[in-house]
There are 2 protein chains.
Amino acid sequence: MAPPERRRRSTQRDIAQRTGVSQATVSLVISGGAASTQIAESTRRAVLAAADEMGYTANVAARSLKGGRNRLLGLYTFESVFPTDQRDFYYPFLLGVEEEAARQGYDLLLFSSTGTDRDAARFGPREPGAADTPAGVSGTQAAERSIYVGGSNRLKIADGCVLLGRNVRREELSALVREDFPFVFVGRREVDDAELSYVAADYVAATGALVAELARLGHRRILYLRALEDSEPTRDREEGYRRGLAEAGIVPDEALIRTLADPADLSIERVEEWIGGLGITALLVEPTEDDRLTEALATMAGTRRVRFPADCSLALLGDPPCWTPELRDWTRFSLPRAQMAGQAVRVLIELLDQESHEPRQLTVPCAYVPGDSIGPVPAHRVGVRPGVGTEPESDGRPVT
Amino acid sequence: MAPPERRRRSTQRDIAQRTGVSQATVSLVISGGAASTQIAESTRRAVLAAADEMGYTANVAARSLKGGRNRLLGLYTFESVFPTDQRDFYYPFLLGVEEEAARQGYDLLLFSSTGTDRDAARFGPREPGAADTPAGVSGTQAAERSIYVGGSNRLKIADGCVLLGRNVRREELSALVREDFPFVFVGRREVDDAELSYVAADYVAATGALVAELARLGHRRILYLRALEDSEPTRDREEGYRRGLAEAGIVPDEALIRTLADPADLSIERVEEWIGGLGITALLVEPTEDDRLTEALATMAGTRRVRFPADCSLALLGDPPCWTPELRDWTRFSLPRAQMAGQAVRVLIELLDQESHEPRQLTVPCAYVPGDSIGPVPAHRVGVRPGVGTEPESDGRPVT
DNA sequence: GGCACTTGCTAATACGTATTAGTTGGGAGC
DNA sequence: GCTCCCAACTAATACGTATTAGCAAGTGCC
């Protein structure tokens, strides 16, 4: 049962036969290697002519096989990139990666399949008794995304990989490092037992600058609403908050650092409470990747019970996705997502080109977006302290 | 000058040595071919264990070279997918492809590199005198996107490919067919010398239905504004327009088919001219992929000099991208982009699974979006004919 | 004529995998 | 003891290219 005489592409050998030279000569002519200067002009012409006539196209697979590299960059995200509600968050990264990869002549491999139910069947039938994760990496469950499935690392199909995502599996990252697989994380990520390469936004500086600006405007009691997860970006923002306060000579009040479990919880009533109870004059909010915060802000601003910034200044520690023109221009800083992604690609390619896989860690500054939601402390509240917890060092911190 | 001990990926041979079997056995175990049933359970276990320990991953290039499969689907677009102004057009396709590929356990290969300036340098230094396109496929220029670059077809590292885009290079498509490379086009595309597979929206029926609806509302003079390019989608819409008219018993007036070179040319003055001069009561507009039409419509509707549908009905032959909530809900039909893309992936996988690469051509229906921009013919204009070109068969067709 | 050197080419090999045609060892059947 | 067969494996090869070592012929020089 031979394949039904499938139409075969012409190869260098075919050209060689037709021209009466060797395959090696054809290769030299076509790919113009170092020794190609030694080919007689007449021969070169003949070979090129034959190639043209026979419609020769080089086989990329063969070339890659020979070179050991596939000119493929992977893009792996720990969360799905494509659900509609997060598109605006991930899209700029995607764009940046794609663009830079294209510029560098690499193609992009989107790891979509990993972490699907189908994974079990990936490498053909497997005995039910066989261990699914013999690779020392534990915790591989079906529905969740993970790099190591069926015990093997599919990322390796690519020459290297750009990683993205908030809910990282640390153990997989360190496994990658142990394997010496070249990758770059977009965003600062740390794992216990290894150093890894990343390109990160400078949340510390950006948050610090925002606090400084508020302090300059006279604010002394600035509430910081942090995200629930204890990830690096959140920690960096907190760090920036503390540094900003310190540089402004403000003694931090732990009661003014609160965790916002769900952005939808951010209501006008809460803000009124905080103003009255805690005596705050400004609010820093850490945005989420989906559009819940944007919605909460919009409805909150819609009530007009508290005017920003007339009654209270408000700034965002990053830019929320789903930005539509009619949304108000909140004061915030903005991370250069596309540039970060492009930079990550460049770093990755450097890693690939150089033999030493020493980790590289880059930090890029965020852009300050002035917006219109911060202003000076309202005149009637200058110097006013809240009724409760008057002392800055008060630790009677009510649970949110 | 040996390569400085580059960290090599482990191969089947490495596993074979470690396990004490032959490379062939390893291959049989790993890729689970026909003869794999004949492998002893103990051997299989040992091989798999070694593979896991050594972090083995199959080499894509080698598999492709051999004709094997990599569970990789390519996505090639003739225009760049990622420019911001077209994002809303391509995004749903991307989403659909990604989702279905993931569901089927395939990863996605985005061909970004092809057609960049860097291409010339892709495979190392090249003699200035060397021909850039020895491949018989002519017209390969640097800045433009093209499949065959440097004489090779890079798509081949994927098992098959989904193609997308309006400005297609026909000669490349037929080259692909000649090579017998499996691919599916999203959208109907025809080339002279070959049949190809596609999943297309039924523009003919959708446009016809829209015309029928207008006819039902009493419209007799319906202007059709077609796009400049003479691509299949445009031709199909025209076909649908004519069929719709025919079925409604309306004699087509060639003066009512006009080409709109630039959507920005669509102004309220024009519409007034058409209403007065041509006596039209309804307008069918073919949308573009960017947001120019959307803008033109918005500004036009903003003037309120012509009320839609009170003075004139207006419907769109497809959905324009960049849909924001505050935009009005134009009557139109909507193509199920994500579903089309998903269907294309399924068709492609069928092609891959079956050896026969007979082309498959699927058509999917569009969704009718009632909207609010069509209505009955204004009472004072029922039966009214324009001052000039009264006869339907008038051919005094002024150039737009 | 012999040596060194250049020019223009080829033979051979490697890349990593899949597949086919064997080969081996041993047990069943007579 | 012989054949026959089967399970379990391996050797060999092909895929298409890039590269290196080397070969043959030619040229210049002593």
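Bear in mind the structure is a predicted one, so any value in this text is a computation, not a measurement. The figures here come from the full heavy-atom set of this structure, side chains too, leaving out hydrogens, waters and symmetry mates. Letters A, B, ... are given to chains in the order of the sequence lines, protein chains preceding strands, and every chain is numbered from 1.
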- Query: What is the nucleic acid contact for V21(A), judged by heavy atoms within less than 4.0 Å: base, sugar-phosphate only, or nothing?
  - Reply: sugar-phosphate
- With sugar-phosphate meaning primed atoms plus P, OP1 and OP2, does A24(A) contact a base, only sugar-phosphate, or nothing at under 4.0 Å between heavy atoms? base
[N] phosphate, OP1 or OP2: any side-chain N/O from [X] under 4.0 angstrom?
X: S31(B); N: dA18(C); value: yes
X: S27(B); N: dA18(C); value: yes
X: R63(A); N: dG16(D); value: no
X: R13(A); N: dT17(D); value: no
X: T25(B); N: dT10(D); value: yes

What is the distance, to the nearest angstrom, from the [atom1] atom on [X] to the [atom2] atom on [N]?
X: L65(B); N: dC15(C); atom1: CG; atom2: C1'; value: 9 Å
X: R71(B); N: dA18(C); atom1: CZ; atom2: C1'; value: 17 Å
X: I30(B); N: dT17(C); atom1: CD1; atom2: P; value: 9 Å
X: L28(A); N: dG8(C); atom1: CG; atom2: C1'; value: 10 Å
X: Q38(A); N: dT19(D); atom1: CD; atom2: P; value: 15 Å
X: I15(B); N: dC9(D); atom1: CD1; atom2: C1'; value: 17 Å
X: Q17(B); N: dT10(D); atom1: CD; atom2: C1'; value: 15 Å
X: D14(A); N: dA14(D); atom1: CG; atom2: P; value: 15 Å

Could you check whether any side-chain heavy atom of [X] comes within less than 4.5 Å of a side-chain heavy atom of [Y], counting everything from C-beta outward?
X: L73(A); Y: L348(A); result: yes
X: L163(B); Y: Y198(B); result: no
X: V29(B); Y: L48(B); result: yes

- Task: For the residue pair F185(A) and F78(A), categorise the inter-ring angle as parallel (less than 30°), tilted (30 to 60°) or perpendicular (more than 60°).
- Result: parallel
- Task: Hey, which sits more toward the 5' end of DNA chain C by its nearest nucleotide, Q23(A) or T43(A)?
- Result: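 Per heavy-atom nearest nucleotide, the more 5' residue is T43(A).
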- Flag, side chain of S10(A) to backbone of M54(A), donor-acceptor distance under 3.5 Å: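 Side chain of S10(A) to backbone of M54(A): a pair is present.
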- Measure the angle between the two terminal helix axes of the helix from dG1(C)-dC30(D) to dC30(C)-dG1(D), five base pairs each, and quote it to 10°.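 Inter-axis angle at the ends, rounded: 70°.
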- Query: Going by atom types alone, do Q361(B) and E195(B) pair a side-chain donor with an acceptor below 3.5 Å?
  - Reply: yes
- Message: Please determine whether a side-chain nitrogen of the Lys or Arg among E350(A) and R346(A) lies less than 4.0 Å from a carboxylate oxygen of the Asp or Glu.
- Response: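 No, this pair does not count.
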- Query: So does E53(B) pair up with R18(B), basic N to acidic O under 4.0 Å?
  - Reply: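 Looking at E53(B) and R18(B), the cut-off is met.
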- Message: On DNA chain D, does the nearest nucleotide to K66(B) precede the nearest nucleotide to Q12(A) from the 5' side, or the other way round? Give the residue.
- Response: K66(B)
- Task: Please determine, for the side chain of A62(A), which listed nucleotide (dG8(C), dT10(D), dT17(D)) has the closest atom?
- Result: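 Closest nucleotide to the A62(A) side chain: dT17(D).
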